[in-house]
2 protein chains.
Amino acid sequence: MARTKEFNEDQALDKAIEIFWHKGYNGTSAQDLVNHLGLSRSSLYDTFGDKQKLFVKSLKRYQKQNLDSLKELFENSENIKTALTEIFKQAVVESLQDRITKGCFMVNSSVELAMHDPEIAKIVHDNQKTVEDIFSQAIKKGQELGQISDKQEARSLARFIFNNYSGIRVLARAGERDKQVYDDILKSIFALF
Amino acid sequence: MARTKEFNEDQALDKAIEIFWHKGYNGTSAQDLVNHLGLSRSSLYDTFGDKQKLFVKSLKRYQKQNLDSLKELFENSENIKTALTEIFKQAVVESLQDRITKGCFMVNSSVELAMHDPEIAKIVHDNQKTVEDIFSQAIKKGQELGQISDKQEARSLARFIFNNYSGIRVLARAGERDKQVYDDILKSIFALF
DNA sequence: AAAAATACGGAACAATCGTTCCTGAATTGG
DNA sequence: CCAATTCAGGAACGATTGTTCCGTATTTTT
């Protein structure tokens, strides 16, 4: 009947994630998208509707990727405390190694858009809730196994962890490249466990 | 010789802070500025040069205001630990009461612009360093007075505090209105002291 | 081979962007 | 009063914004 799509929609989305992540929503022009996705204007609009829809789709894909890998990490780890430190160490490594530090796409979007776009606000809020749940559940398990101090409630600790993760991603986005700064923060965080 | 300025430049800058804080740099148009500052296009450009210069001037003013009040707070407080909790409680109150939560102008700007505007990057970095110094000095004093545990180095704690402050401001910007979330985070933070 | 669907490049759209300039009125000090 | 300066308002600038549409080539299935 018809010609098949020549480009992979998910691959195009990954490209969109890259540029939106790097430049933000308002900072990314339609021309930027055409250049970076390698699609024609027409294909781009035919496939994704408009810029806002493409952005939402990109952000959702980014979210899914990250939540999946987060869940997987906890499922495959014996020790919860080590898993938590791994997450932060990984964030630090990314922050230091990336030539252009992009921070976290979700954090960036939440700062730039959550106030003005209810659809983005919902995604951000859902994400926060889900991450919180994942952390909370893992910490509770860690406490039962005696790997994590149970002086504090699991949910409280989960929110605390989330907060510091956001902070570190902002630090990275701001261009901090001094490893000692990150290590100092991590030291304090894990003094609590 | 000449007619005197009818508007107060600092008051105009405060207006500029408001709208840039609310809408971000890219989200604020020249027309927005004209409307919100109450100046004509010509006066605006005659006085401040262009949009970027106005933004930089606004951000610097915001920075000075905040650093001044931070220093003042520590100078006028007997107990450092209470002063620190006051800072966070104040941030939470602002986050909850503001009908439109704007987060922190410095954090917002750092996420939106630090990567792409070296001048902003410098301001953000200077600010981070200065806040860190203020915190660090205060904490050291608190440790000497026996008000704060000296299990951790002062600078390390200062960076940790800064990180959580950023995180909370992001949370506010994202629209979080559940007081319990903030309180949980604060509980964990001050379990360290 | 015919028909259907999709790709592409590029022209074109109106709208908005940041910025400049002009005009005329207002206010000041000499 | 005069000269100097600043004000407001708005017209106008070229550039860029996001978006639509057209013509044509390509590929697929019937």
Side-chain angles (χ1 to χ4, degrees), chain A residues 1-60 108-109 112-113 115-120, chain B residues 1-60 108-109 112-113 115-120:
Chain A
M1 274 197 168
R3 184 177 174 178
T4 54
K5 271 199 191 307
E6 286 190 3
F7 62 91
N8 182 302
E9 195 172 315
D10 282 342
Q11 284 177 359
L13 274 181
D14 284 335
K15 288 280 188 186
I17 290 175
E18 281 182 11
I19 188 137
F20 277 134
W21 190 352
H22 177 52
K23 295 192 159 198
Y25 179 79
N26 286 312
T28 303
S29 69
Q31 190 56 47
D32 287 335
L33 290 167
V34 170
N35 295 341
H36 200 257
L37 301 212
L39 295 185
S40 67
R41 258 177 162 62
S42 21
S43 305
L44 207 156
Y45 275 86
D46 281 351
T47 310
F48 298 106
D50 59 21
K51 186 181 163 184
Q52 198 266 359
K53 290 202 185 86
L54 173 57
F55 186 88
V56 167
K57 220 164 189 174
S58 304
L59 188 57
K60 282 185 176 170
N108 299 352
S109 303
E112 185 187 4
L113 302 169
M115 280 193 64
H116 306 94
D117 185 329
E119 201 173 351
I120 304 289
Chain B
M1 276 196 168
R3 184 177 175 178
T4 54
K5 269 201 193 305
E6 288 189 4
F7 64 91
N8 182 301
E9 194 172 316
D10 282 343
Q11 284 177 0
L13 273 181
D14 284 335
K15 289 281 187 185
I17 290 175
E18 281 182 13
I19 187 130
F20 277 136
W21 190 352
H22 177 51
K23 295 191 159 198
Y25 180 79
N26 286 313
T28 304
S29 69
Q31 191 56 46
D32 287 336
L33 291 167
V34 169
N35 295 341
H36 199 258
L37 302 211
L39 296 185
S40 66
R41 257 176 162 62
S42 20
S43 305
L44 206 156
Y45 275 86
D46 281 350
T47 311
F48 299 107
D50 59 21
K51 186 182 165 185
Q52 199 264 359
K53 290 201 185 86
L54 173 57
F55 186 88
V56 167
K57 220 163 188 175
S58 305
L59 188 58
K60 281 185 176 170
N108 298 353
S109 304
E112 184 187 5
L113 302 170
M115 279 192 65
H116 306 95
D117 185 329
E119 202 174 350
I120 304 288

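Reminder, nothing fancy here: chain letters follow the sequence lines and each chain counts from 1.
Remark: side-chain polar atoms of A:Glu112 are not paired, donor with acceptor, to backbone N or O of B:Glu112 under 3.5 angstrom.
Applying the salt bridge (Lys or Arg N to Asp or Glu O under 4.0 Å) test to every pair with at least one member in residues 14-36 of chain B, sequence neighbours left out, gives these pairs: B:Asp14-B:Arg61, B:Lys23-B:Asp32. The ring pair (Phe, Tyr, Trp, His ring centres under 6.0 Å) contacts involving residues 33-54 of chain B comprise nothing, where partners must be two or more places apart or lie in separate chains.
Residue A:Asn35 contributes atom CG, which lies 11 Å from atom P of D:dT17 at whole-angstrom precision. For the pair B:Phe48 CZ and D:dC7 P, the computed distance is 10 Å after rounding to whole Å. Rounded to whole Å, the distance from CG on A:Leu39 to P on C:dA7 is 8 Å. A:Phe55 places its CZ atom 19 Å from the C1' atom of D:dT19, with the value rounded to the nearest Å. Nucleotide D:dT19 holds its C1' atom 13 Å from the CG atom of A:Leu33, rounded to whole Å. What separates CG of B:Leu37 from C1' of D:dT6 is a distance of 17 Å, to the nearest Å. For the pair A:Leu44 CG and C:dT6 P, the computed distance is 16 Å after rounding to whole Å.
Between D:dA8 and B:Ser43, a contact under 4.0 Å exists linking OP1 or OP2 to a side-chain N or O.
Side chains of A:Val56 and A:Ile120 form a contact here, defined as non-hydrogen atoms less than 4.5 Å apart. Residues A:Leu54 and A:Leu13 meet the side-chain proximity criterion, which asks for heavy atoms closer than 4.5 Å.
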Reading 5' to 3' through nucleotides 12-24 of chain C, protein heavy-atom contacts under 4.0 Å coded B for base, S for sugar-phosphate only, - for none: -----SSBBB---

From CA spacing to verdict: side-chain contact (heavy atoms from CB on, under 4.5 Å), A:Phe55, A:Ser109: CA-CA 10 Å; A:Phe55 186 88; A:Ser109 303; 3.5 Å; yes

